[in-house]
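On a predicted model such as this, the values are computed, not experimentally measured, just so you know. FYI, side chains are in, hydrogens and waters are out, and symmetry mates aren't considered; it's all heavy atoms of this structure. Every chain is numbered from 1, with letters handed out A, B, ... down the list of sequences.
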There are 2 protein chains.
Amino acid sequence: MSSVEGAVSAVPAPTRRAVRRSRDDVVRVAGRLFAERGFHGTSMRDLGDELGLLGSSLYAHIGSKNELLVEIIEEGAGLFQSLADQVAASGTAPREQLRRLVVGHVAIVTDNLDRAATLLNEGRHLPEGDRGRIVAMRDRYQDAYRTVLAGGIAAGDFRAGLDVHVAATFVLSLLNALDRWYDPAGARQPEAIAELLFDFVVRGLEP
Amino acid sequence: MSSVEGAVSAVPAPTRRAVRRSRDDVVRVAGRLFAERGFHGTSMRDLGDELGLLGSSLYAHIGSKNELLVEIIEEGAGLFQSLADQVAASGTAPREQLRRLVVGHVAIVTDNLDRAATLLNEGRHLPEGDRGRIVAMRDRYQDAYRTVLAGGIAAGDFRAGLDVHVAATFVLSLLNALDRWYDPAGARQPEAIAELLFDFVVRGLEP
DNA sequence: CCTACCGATCGGTAGG
DNA sequence: CCTACCGATCGGTAGG
């Protein structure tokens, strides 16, 4: 019943058929490759291979390779921005705001490892015209930490002598290293990691 | 007295003469460009431009672009290795050993910003055959921190409940972020930065 | 999404 | 260290 189609044909079946991918597929896989191999270490043909189509076919979905980088990074930066806005609007005490920042940051990184890694490591390859906008988002995010730390000092939760610039740099150093060692297959859950980080950070900040 | 040479000549002086550079010049400038633009974002012609010669002329000094990357990273890793060995051989108390690791690490990074940045960010682009060797050096360096932390717990200087793997990761997260924010033109000296870091870290570790 | 390209640039070599 | 190249690969386009 099933022998006619292929058995007599001398023409071998194509090893791969044309596939249909969405724009989101392209952006998502690009994020993974940029994170793994770097922006300049990833060719459009590499990206096509990973999606099962030709490099040139990608241009049915996107305008340019740079566009992919900008979109991935801007989306990532937007996630952190939203977190900071939400925490600031919560009206909770500074120490609790810092806890929410840490927990939220860890959640964003662990849920978006590729995007976070691309944001942190490939930002320098952004086109001139887009870089300023994204640097401004990063600066605003750092400012959120400084504000919370300053509030905590005023409330007496954190040391009076603390330099908020330095302290914010230290806290973000810890948070921004997460993408380098977090293992999704590891035993420790994101919430547990966030707790360890918050505990370590608060000890460093307390009077 | 000085008008004869150039005034009558119809042949314009060459805008740039051939220059003589040492192999060390090539390696040093490559380190800077790899740090600034990434390994794949730097072409041999870029590197030649920066040195005042052609990209193809670089091959009088080196065998390949990969060789440059391996050399820069391996030298950098060697500096951290030496620090760890020296501290381990000092025979001082664990807490003091940690202090020396922090101070030494900061000194290496601030004295070798380009090499440190290349080591941290471009290591994934190492050729297969060299990667294992350098990953092993990094692992040994992390082990030095774990050993010191375990010693500090045994001595009662650090919290008994501390997970030395996690704690070492946190300490190295702080140290390895330094190349991203240290400003050689800034007011804070490396020694002052090391002190702030050590203070923050010890607070996070103490009982 | 593929076929069939394009000019530009890549790392690298031979010979001086 | 330069001249004069090389084959391979790059991002991207026209037309279907």
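For the pair Arg21(A) CZ and dC2(C) P, the computed distance is 11 Å after rounding to whole Å. If you take CG of Leu53(B) and C1' of dC1(D), they are 7 Å apart, rounded to a whole angstrom. A straight line from CG of Asp49(B) to C1' of dT9(C) spans 13 Å, rounded to a whole angstrom.
Evaluation of the side-chain contact (heavy atoms from CB on, under 4.5 Å) rule for Arg188(B) yields Asp163(A), Val166(A), Ala192(B), Ile193(B), Leu196(B) as partners, not counting sequence neighbours. Annotation: side-chain contact (heavy atoms from CB on, under 4.5 Å) contacts of Asp85(B) (sequence neighbours excluded): Gln81(B), Arg140(B). Scored by the side-chain contact (heavy atoms from CB on, under 4.5 Å) test, Leu119(A) finds Ile73(A), Ala77(A), Phe80(A) as partners (sequence neighbours excluded). With sequence neighbours excluded, no residue forms a ring pair (Phe, Tyr, Trp, His ring centres under 6.0 Å) with Tyr182(B).
Every pair passing ring pair (Phe, Tyr, Trp, His ring centres under 6.0 Å) that includes a residue from residues 40-63 of chain B is listed here, sequence neighbours excluded: His40(B)-His125(B). Contacts classified as side-chain hydrogen bond (donor to acceptor under 3.5 Å, both in side chains) and involving residues 26-39 of chain A (residues at least two apart or in different chains) are given here: Asp25(A)-Arg28(A), Arg32(A)-Glu50(A). Sequence neighbours left out, the pairs with a member in residues 90-99 of chain A that pass side-chain hydrogen bond (donor to acceptor under 3.5 Å, both in side chains) are Ser90(A)-Thr92(A), Arg95(A)-Glu206(A), Glu96(A)-Arg99(A), Glu96(A)-Arg100(A).
Secondary-structure stems of DNA chain C, taken as three or more successive Watson-Crick or G-U wobble pairs (i with j, i+1 with j-1) under a 3.5 Å distance threshold, comprise C:1-16 with D:1-16.
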Pull out every protein N or O sitting under 3.5 Å from an N or O of nucleotides 11-13 of chain D, one pair per line with the distance.
| unit_1 | atom_1 | unit_2 | atom_2 | d |
| --- | --- | --- | --- | --- |
| dG11(D) | OP1 | Thr42(A) | O | 3.4 |
| dG11(D) | OP1 | Lys65(A) | NZ | 2.7 |
| dG11(D) | OP2 | Met44(A) | N | 2.8 |
| dG11(D) | N7 | Arg45(A) | NH1 | 2.8 |
| dG11(D) | O6 | Arg45(A) | NH2 | 2.9 |
| dG12(D) | OP2 | Tyr59(A) | OH | 2.7 |
| dG12(D) | OP2 | Lys65(A) | N | 2.8 |
| dG12(D) | O5' | Tyr59(A) | OH | 3.4 |

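Side chains of Tyr145(A) and His165(A): no donor on one and acceptor on the other come within 3.5 Å.
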